[in-house]
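Atoms within a ligand are numbered from 1 in the order they appear, just like the ligands themselves. Quick note: residue numbers are just sequence positions, from 1. As the structure is a computational prediction, the values presented were derived from the model and not from experiment.
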Amino acid sequence: MTEEYLSWEVVVVGGGPAGMTAAIYAARYGLKTILLESKVLGGAQATSPGIENYPGFTFISGLELATKMKEQVKATGAKVREITEVKSITREGEDGDFLLETRRGIYRGKAVIFATGGGHRHLNVPGESEFTGRGVSYCATCDGPLFRDKKVLVIGGGNTAAVESAYLSELTEKTTLVHRRDELRAEKAMQDMVFRSPVEIKWSHIVKEFKGGDLLNEVVLENIKTGELSSVEVDGAFVALGSSPESKLAIDLGIETNKNGEILVNANQTTSIPGFFAAGDVVESMKQIAVAVGHGAIAADSAYIYIRELQRTDPRGYGG
Ligand code: NAP
């Protein structure tokens, strides 16, 4: 096994805003730091058409903000391994090193900062998985341009659905927002953006089924107030229902979570397992880039204190 896999002080899992900030801070503290990311650096922010509430930028595309963060991580000297999915995390004894298994080999860390974010929530209705990639999408920034001058639906009522429907309405012939309630959950500024746009809103409707041939061409809706079924002809449907935490690896290690699977942390981003810190959308907190960035900085600071304490109490055992 090569040096790469041995004796890292901090292993950051996940390369969204929380993980990238943690890597920046940990590396600047002088900790030997590696960041493992299953895809490419960026996280969910990279798929946002536009961000208007991250301080310093009145408006910035998610991809541009992610790219700036990525450049900064690389400048700090933290090692980054993309396309490196962590398959399991175990620990050598009660307070020993963490072992993170990947296809490249096993990475060993004194501390882990877990910042895996969330995965797309699904509707779980007939046709959804069948038409994914053939009309059903979970990312307007990625797939929106495929539907230029076509008809699309956006499903959801939060910030993601609001920002994605407003963005799509600029590209498409018609964008319809389908929401199960009669008011949006999105923050007021985002609601105003939708109401100013040509987006048509179908209140109190849910999706019953996605239908089509090779490609999606019809979505069956139900009005939940009347029970009436209707059919809408569309070329695309964007499912924008928020995310569910990617916490399975941590749960398998024995980390405490709430009933939704979000990791429980204290104000120092400390979890129920010493040496294992968590940050960003995977923890029980507000899902915002500004919050994730704060978590990442605190988690790195806590990891620094933890590691210095390890060195002080067990200098011979330290070093792997
Ligand atoms: P969210 O706030 O959790 O909203 C999810 C929406 O999907 C809700 O309106 C919910 O309906 C609906 N929904 C969930 N499951 C559904 C189902 N099975 N069938 C029908 N509808 C369903 O998620 P989000 O909009 O992705 O936002 C997630 C977090 O990211 C939020 O904290 C948000 O502020 C943040 N975000 C921020 C920005 C930004 O630029 N600042 C952009 C995007 C996201 P109900 O309302 O009825 O529950």
Check: Just wondering, are more than 12 heavy atoms of other shown residues or ligands nearer than 6.0 Å to CZ in Arg28?
Finding: no

Notebook entry, point to check: With ring centroids as reference points, do Tyr138 and His122 lie under 6.0 angstrom apart?
Noted result: yes

Checklist line | Pair Phe131 and Phe210, ring centroids less than 6.0 Å apart | finding: no

What does the N/O contact table under 3.5 Å look like for ligand 1?
residue: ligand 1; atom: 9 (O); partner: Gly157; partner atom: N; Å: 3.0
residue: ligand 1; atom: 9 (O); partner: Gly158; partner atom: N; Å: 3.3
residue: ligand 1; atom: 11 (O); partner: Arg180; partner atom: NE; Å: 3.2
residue: ligand 1; atom: 11 (O); partner: Arg180; partner atom: NH2; Å: 3.4
residue: ligand 1; atom: 25 (O); partner: Asn159; partner atom: N; Å: 3.0
residue: ligand 1; atom: 25 (O); partner: Thr160; partner atom: N; Å: 2.9
residue: ligand 1; atom: 25 (O); partner: Thr160; partner atom: OG1; Å: 3.3
residue: ligand 1; atom: 26 (O); partner: Thr160; partner atom: OG1; Å: 2.5
residue: ligand 1; atom: 26 (O); partner: Gly242; partner atom: N; Å: 3.4
residue: ligand 1; atom: 30 (O); partner: Lys287; partner atom: O; Å: 3.3
residue: ligand 1; atom: 32 (O); partner: Lys287; partner atom: O; Å: 3.0
residue: ligand 1; atom: 34 (O); partner: Asn159; partner atom: ND2; Å: 2.7
residue: ligand 1; atom: 34 (O); partner: Gln288; partner atom: NE2; Å: 2.6
residue: ligand 1; atom: 41 (N); partner: Asn53; partner atom: OD1; Å: 3.3
residue: ligand 1; atom: 41 (N); partner: Asn53; partner atom: ND2; Å: 2.7
residue: ligand 1; atom: 46 (O); partner: Arg181; partner atom: NE; Å: 3.3
residue: ligand 1; atom: 46 (O); partner: Arg181; partner atom: NH2; Å: 2.9
residue: ligand 1; atom: 46 (O); partner: Arg185; partner atom: NE; Å: 3.1
residue: ligand 1; atom: 46 (O); partner: Arg185; partner atom: NH2; Å: 3.4
residue: ligand 1; atom: 47 (O); partner: Arg180; partner atom: NE; Å: 2.9
residue: ligand 1; atom: 47 (O); partner: Arg181; partner atom: NE; Å: 2.7
residue: ligand 1; atom: 48 (O); partner: Arg180; partner atom: NH2; Å: 3.1
residue: ligand 1; atom: 48 (O); partner: Arg185; partner atom: NH2; Å: 2.4

Item checked: Trace of the side chain to side chain donor-acceptor pair (under 3.5 Å) decision for Glu262 with Thr257 -> CA-CA 5 Å; Glu262 294 169 321; Thr257 68; over 6 Å; no

Checklist line | Residues, nucleotides or ligands: over 12 heavy atoms within 6.0 Å of Glu187 CD | finding: yes

Check: Is any side-chain heavy atom of His120 less than 4.5 Å from a side-chain heavy atom of Val239?
Finding: no

